[in-house]
Amino acid sequence: MSNTNSRGFTSNLGAILAAAGGAVGLGNIWRFPYMLGQNGGGAFLLVYILFVLMIGIPLMMTEFIIGRRSQRNVVGAYKTLGGKQKGWVLLGIFGIVAAFLIYAFYSVVAGWTLNYLVMSCRGQLAGLPPEEVANVFSTFTQGSFWPLFFQLIFLVMTGLVITMGVQKGIEKVGKILMPVLFLLLILMCVRSLTLSGSHQGMSFLFKPDFSKLTGQSILSALGQSFFSLSIGMGAMVTYGSYIRKEDRLFKTSIWIALCDLLVAVLAGIVIFPAVFAFGMDPASGPELVYVVLPNVFNNMPAGTLFAVIFFLLLAIAALTSTISLLEIIVAFGVEELHWKRSTASLVGTILVFVVGVFCTLSFGPLKDVKIFDRTIFEFFDLITASYLMPIGALLMTIFLGWCYPKVEVKDELSNNGTLKVRAFELYYIILRYIAPLALIAIIISGIVG
Ligand code: PFF
């Protein structure tokens, strides 16, 4: 059955690049390296890869099945597929709320990338001693006007792309920016690998030391794989509804997950050899990219140029992800509330900014406002990545694995029986048993702490 889906992507490549753009983001280049640095390196990478392959890919397929089967946004999808079981609509609403909260804190860090891009272009970080580099970061993030200004610019850019539509906005931007991102990333890898002393960073990244692995780090790897693949709150349901009926969901999910994995590994190859070559601390945490790397750039030949390339790369990765976050909300506004795309985009952007202001200011004027002992930004990060996404994913596996007919699942995955999906039974076992159990483990460990 051919799908001249006028509301969706025009080609399989377009779908893969757009969805890979949604998955590849700050999670790969900012969050993944610092998590790996804090969790002992190579062993974390290995566990992470296993989770992506064993649980991440099947769950991405699950979201695609729900989206493409229903041809609707995340709320409409559960309304359509849930049929008489009306309660599942709440899972869709849960997805919208999660997208909203992620977008609010994610856009803060996205704004930082723009500021660092501008500063690198103007050479403002060049030649600064390490204490000054750290100072620049804290002075900037603790301020009010500039962090809010850059956050707003990012939100507006995202809103404009979304207003242009699925084909002329999301798909086109993915097709242009994803290849650029890969190119810049490879350039950065070459730079990093040709630094003398880079081998130490490579062995940190690739030589697993299992004694460094704790229960907590295994769960962090699982949580990171969810965050990185954008699973559990409807981004891939929404994009799944735009995938053509003749495309293979199995193959499409594998390609997207592999792109995401590759970018995370390449980001590791960019960051760790350089960090080790200049004797910096790989376990410095969320500041790794903003405080440690500028020092690294300052020490390398042509550092200013590579700083510009790196922050451009980070901004591109962030933009394709914020696009997928806003699209979850806008698709809901357009299809369920019957708003115009531009109205939905404007309303979504304004609402996110109103909440996002609190996240930004929680580094400065509001840093003493604590929710469960955390700043507003930390609280949003924690509640979404550690709770809402795993809970959303768990409920989704229960829905598709236990409450929706197996024949229909198989039908969608096999394009109405026209494709042989040999791994279907394996997929279904993961969907019904393995993924839910792993998810329950993450959620409980998050609660027990
Ligand atoms: N996967 C994105 C990243 O790794 O940066 C983050 C993200 C985007 C999560 C979109 C969820 C989402 F819906």
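The structure displayed is predicted, hence computed values, not measured ones. Ligands are counted one by one from 1 in listed order, and the atoms in each one are counted from 1 as well.
Geometric assessment of Arg191 against the ring of Phe306 yields a positive cation-pi assignment under the 6.0 Å and 45° thresholds.
Residue contacts with ligand 1, taken as heavy atom pairs separated by less than 4.0 Å, involve Met233 solely via side-chain atoms from C-beta onward.
Between the side chains of Ser220 and Ser217, not a single donor N or O lies within less than 3.5 Å of an accepting N or O.
Counting protein heavy atoms only, atom 12 (C) of ligand 1 is closest to Leu325 CD2, 3.4 Å. When hydrogens are left out, the protein atom nearest atom 8 (C) of ligand 1 is Ser230 OG, 3.4 Å; that is the closest non-hydrogen contact.
Only one option out of Thr10, Ile170, Ile16 pairs with Lys175 in a side chain to side chain contact (heavy atoms under 4.5 Å, CB included); it is Thr10.
In terms of heavy atoms, Met389 sits closest to Ile102 at SD-CD1, 3.8 Å.
Heavy-atom separations between Tyr106 and ligand 1 include at least one value shorter than 4.0 Å.
Residues forming a side chain to side chain contact (heavy atoms under 4.5 Å, CB included) with Ala385 (at least two apart in sequence, or on another chain): Arg31, Phe227, Asp381. With sequence neighbours excluded, the residues that form a side chain to side chain donor-acceptor pair (under 3.5 Å) with Asp247 are Asn12, Arg244.
Residue-ligand proximity, Gly22 to ligand 1, at heavy-atom distances under 4.0 Å covers atoms 1 (N), 2 (C), 8 (C). Atoms of ligand 1 lying under 4.0 Å from at least one heavy atom of Ala23, given by number and element, are 1 (N), 2 (C), 3 (C), 4 (O). The distance from ligand 1 to the heavy atoms of Ala235 drops below 4.0 Å at these ligand atoms: 13 (F). Close contacts between ligand 1 and Leu26 involve ligand atoms 5 (O) [criterion: under 4.0 Å to a heavy atom]. Listed by number with element, the atoms of ligand 1 under 4.0 angstrom from any heavy atom of Ser324 are 10 (C). Distances below 4.0 Å separate heavy atoms of Gly27 from the following atoms of ligand 1: 3 (C), 4 (O), 5 (O). For ligand 1, the atoms lying closer than 4.0 Å to a non-hydrogen atom of Asn28 are 4 (O).
Annotation: Ile328 places no N or O atom under 3.5 Å from an N or O atom of ligand 1; distance criterion only.
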